[in-house]
Structures are given as C-alpha cells and as structure tokens.
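Note sheet for the following structure.
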Amino acid sequence: MAVELDVFVGNTTIMDEEVYQLWLDGYTVNDAVKVRMEGGVLEECEASADVLLSDTMDQYRTFHMCERLLHSPTKLANQLLFQIPPHRQAILIERYYAFDDAFVREVLGKKLSKGTKKDLDDISAKTSVTLKSCRRQFDNFKRVFKVVEELKGPLVENIRQHFLLSDKLARDYAAIVFFANNRFETGKRKLQYLTFQDFAFCAGQLINNWTVGAVDNLVDDMDVDLDKEFLQELKELKILITDKDLLDQHKSLVCTALRGKTKAFNEMEANFKNLSRGLVNIAAKLTNTKDVRDFFIDLVEKFIEPCRSDRWTAADMRLYLTHYTNSAHILDTFKHQVVWDRYMGVIKSCIFKMYHD
C-alpha cells in the first residue's frame, strides 16, 4: 500500500517558548512533558505521548547547546550553527536573563561569591524557585557584574550593549551590580517590607546623583562607586544640627510653612530636631563603609519609623520633606546649598518610595 508523506525541510531552528520557559524554570524533561500534557498539547497537535517526549527532549537539547552563546549574547547573532531570527534571539536573551523577584530579593546586596552560592539550596526552599533556576539567575548576576565592573561609561548602557537586554531589565541589573558592589544591607527584618523594585528605584537615584559618573562621565567605575569627594563634603551639613541658632531658625521656617496644612503638624513640630539630626547624621557618616552598607536601615530607623509611629500619611511626608529641603536655602549662614540639594534630592526620592503608609 502506497503511503503519501508531506515533508518540509528548513534550516530555521524551531523553539517553543513554553518549553523554553519550562527549561529556564528548571523542570526536568519528564516534568515538562507532564505540564505540556496537562495544558492539552496532545489534543491540540493530535500527537502521541512518545512524540511529545521526543519533541521536549529535542528542544531541551537545543536549549542546552544554545546556553553557552547566551552567556555572551552578542555571539548569538554572529554564529551559524542555529538559524534564529533576530526577534526570536531577543526573546531568548531577555528570558534567559530574566529573574524571579523573590530570588533576587534574597541575594540583593550580598557578595556574588561562592559563599553566597552555597546558600542557594536554602534560598530555593524559601522562595520555591527551583535550585537549577536559582543557579542560572545567580550565575547571570555574577557574569554581568564581572563584565561591567571594570568598564568605563554609564552602567545601564554598558549592560544593554554587552548583554542586549531591554532598558528595563538593564536598569534592574544595574541595581543588582550597584548593590553587590557597595554591599548595602537589605536582609534585616525592618527592611523586609521593601520589594526589589523599591530598592532598584533607590539604586537608580543613587547611581544618577551620588556616583562619580553623576558629575564626570570619563572616569573608571563611574556608576558603580559612590563619589568619595561628595561623601566627604556631606560632613559640612552637620552645621545644621550643631549650630543651635541655625537649627532653631530652620525649625521656625519649616513650621511656619507647614502650619495649617496638615493634621500631623503638632508631631512634626515636636519631632523636628530629632528628625533633622537623623537625616544630617546619616549624611555625615557616609564616609564610613559600614554606614554606607547601613544606609537603608538608617533611613528606616532614624526617619521612616518615627514618622510612621506618628501616623504621617505619604502626603504629610512629601509636604514635610519639601519644606524641610527648601527652607535650608533661606538660612543666611548656611553656605552648602549645592551639596544639600544633591543629598536631599536622593533622600526625598528614596523615602517617598520606601514610605508605605
């Protein structure tokens, strides 16, 4: 009996995005087959279980062979082994470097070293992210960090060019690199309410305003290291709390501007000096590495918690910090306005992001 077959031959590499995601998520071939079967793929394609297993194995094999190219995404476009259209390449790269917020929240600010990698078993159990996926994500963070830490130029742009990531993902990686380099503490209980995106926003503010690159775009490591000269200048702000006349004058100006505009006025007036000392002391201590690491803890303990206990709303916080910052410009004997604005611009943005009323 004659059998007719329709055969199509092509050289474009076929990749199923659902199977790719299962591979990225650390599923074994058998588990991936189960997921596909539960999704109704057998009925959809009128295929047998054996064909589905064979297809899944074949795709896993292809992904595994592609992985070394994904480690250096620019090589993917220039190789001849896999014929992958550019739009599909972009999807493969973006998804390979995507990460779980729950996972990155656990490693944010930690050293990207073997010591942290040993903790991945525990992190996997805590976050319900498979160990294989945790390893891929951690290795991606480490790879990006190693490539960009010695490069000149803007951090986000360097990541985007070398790893061909979207602007959003490149900015997230910039935050991860910046936190790993400066070892910011993010794991304490008081900071657990903050999400990765809260920290990523703050990282963007710090990178754009407090690094050497914020004032000079021709230096090495410009977006990774904080501007030491600026950190030294911050000590000059202590006059706002050590000069009694200046402290009283600042309080008077702020309270005059706030009176009648908020229900929290009495608390703002009563706590002005403590809150001001908190913010200025944070500035004055940033020349010490440990105090840089404790930056977010200090913001929460010295400012956010006292305001929260007095039941300030987010609008109260915005109103207070706006007048607190602006009133310093009217102080006759205060001569450090440029440093003050550079400092308070970031402080305000971070506190607004971190203050969940």
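For reference, positions follow the sequence shown, starting with 1.
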Tell me if a side-chain donor or acceptor on [X] pairs with a main-chain N or O of [Y] at a distance below 3.5 Å.
X: Gln59; Y: Asp16; value: yes
X: Trp340; Y: Leu237; value: no
X: Thr325; Y: Leu321; value: yes
X: Ser327; Y: His323; value: yes
X: Tyr324; Y: Leu275; value: no
X: Tyr193; Y: Met354; value: yes
X: Lys75; Y: His71; value: no
X: Gln192; Y: Gly187; value: yes
X: Asp298; Y: Ile282; value: no
X: Thr116; Y: Lys111; value: yes

Practice task
Indicate the ring-plane relationship of Phe179 and Phe296, choosing parallel, tilted or perpendicular according to the 30° and 60° boundaries.
Solution key: parallel
Practice task
Just say parallel, tilted or perpendicular for the rings of Phe141 and Tyr173, cut-offs at 30° and 60°.
Solution key: perpendicular
If the threshold is 4.0 Å, N to carboxylate O, is there a salt bridge linking [X] and [Y]?
X: Arg61; Y: Asp58; answer: yes
X: Asp248; Y: Lys244; answer: yes
X: Asp294; Y: Lys290; answer: yes
X: Asp316; Y: Arg311; answer: no
X: Asp101; Y: Arg105; answer: no

Exercise for the section: Please indicate whether Glu229 has more than 12 foreign heavy atoms, meaning atoms of other residues, nucleotides or ligands, lying under 6.0 Å from its CD. Expected result: no
Practice task
Flag yes if more than 12 heavy atoms outside Phe295 fall under 6.0 Å of its CZ atom; otherwise flag no.
Solution key: yes
Exercise for the section: Would you sort out whether Asp139 and Arg143 count as a salt bridge (charged side-chain N to carboxylate O under 4.0 Å, His left out), showing the intermediate values? Expected result: CA-CA 6 Å; Asp139 288 342; Arg143 186 179 310 110; 5.4 Å; no
Practice task
Following the transitive rule for hydrophobic clusters with a side-chain heavy-atom cut-off under 4.5 Å over Ile, Leu, Val, Met, Phe, Trp and Tyr, establish whether Tyr96 and Met65 coincide in one cluster.
Solution key: yes
Handout entry: Cation over ring face, Arg342 and Phe230, 6.0 Å, 45°
Key = yes
Problem - Within 45° cone and under 6.0 Å: Arg136 NZ/CZ vs Phe63 ring - result: no
Handout entry: Close side-chain approach of Glu236 to Val339, heavy-atom, < 4.5 Å
Key = no
Handout entry: Non-hydrogen side-chain atoms of Gln337 and Phe334 separated by less than 4.5 Å
Key = yes
